[in-house]
Amino acid sequence: MVAAYESRASLISIAREHRLGKETVRDLLVDAGVRIRRQGLDDEQVTHAVRGYESGLTTREIARELGVGHSMVWRALKRAGVESRPNARRAGRKLGRG
């Protein structure tokens, strides 16, 4: 597992190969002293995120569907060249007090 991960295999691909959960593989690698890479979205997840965002979902809603953090979704959307929408809550909020 260590050799595969250090050869750039993903946690998910290693988990599937060994019929283990992703978190189990992660824990085993950490126990073996391996530094875990920052995780990103795979191509299928990016496609899902782009379609969801373009259909009106928020990054938080998409993140919930994918089981990841909203900032990870936002980074993937930016890398995919998706333009951000104005934040509806911020756009409608008055500036200042009173």
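Values below: every heavy atom of this structure, side chains too, minus hydrogens, waters and symmetry copies. Note that the structure is a prediction, hence the values are computed from the model and not measured.
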Test the Arg37-Tyr5 pair against the cation-pi criterion, namely NZ or CZ under 6.0 angstrom from the six-membered ring centroid and within 45° of the ring axis. yes
Interatomic distance, CD@Glu6 vs CZ@Arg35, rounded to 0.5 Å, equals 12.5 Å
Are more than 12 heavy atoms from other residues, nucleotides or ligands located less than 6.0 Å from atom CG of Asp31? yes
Thr58, Val73, Val82 screened by side-chain contact (heavy atoms from CB on, under 4.5 Å) with Tyr53, the one that passes: Val82
Apply side-chain hydrogen bond (donor to acceptor under 3.5 Å, both in side chains) to Glu65 and list each qualifying residue two or more places apart in sequence or on a separate chain. His48
What's the shortest heavy-atom distance between Val2 and Ala32, and which atoms? CG2-CB, 3.9 Å
For His70, which residues count as a side-chain hydrogen bond (donor to acceptor under 3.5 Å, both in side chains) partner, sequence neighbours excluded? Arg60
Counting C-beta onward and ignoring hydrogens, is there a side-chain heavy-atom pair between Glu23 and Arg26 closer than 4.5 Å? yes
Pairwise distance CZ(Arg64) to CG(Leu57) - rounded to 0.5 angstrom: 10.0 Å
Nearest heavy atoms of Ile62 and Gly52, plus distance in Å: CD1-C, 3.9 Å
Contacts under 3.5 angstrom, residues 11-22 side chains, donor-acceptor by atom type, not counting sequence neighbours:
unit_1 : atom_1 : unit_2 : atom_2 : d
Ser13  : OG     : Ser10  : N      : 3.2
Ser13  : OG     : Ser10  : O      : 2.9
Ser13  : OG     : Ser10  : OG     : 3.1

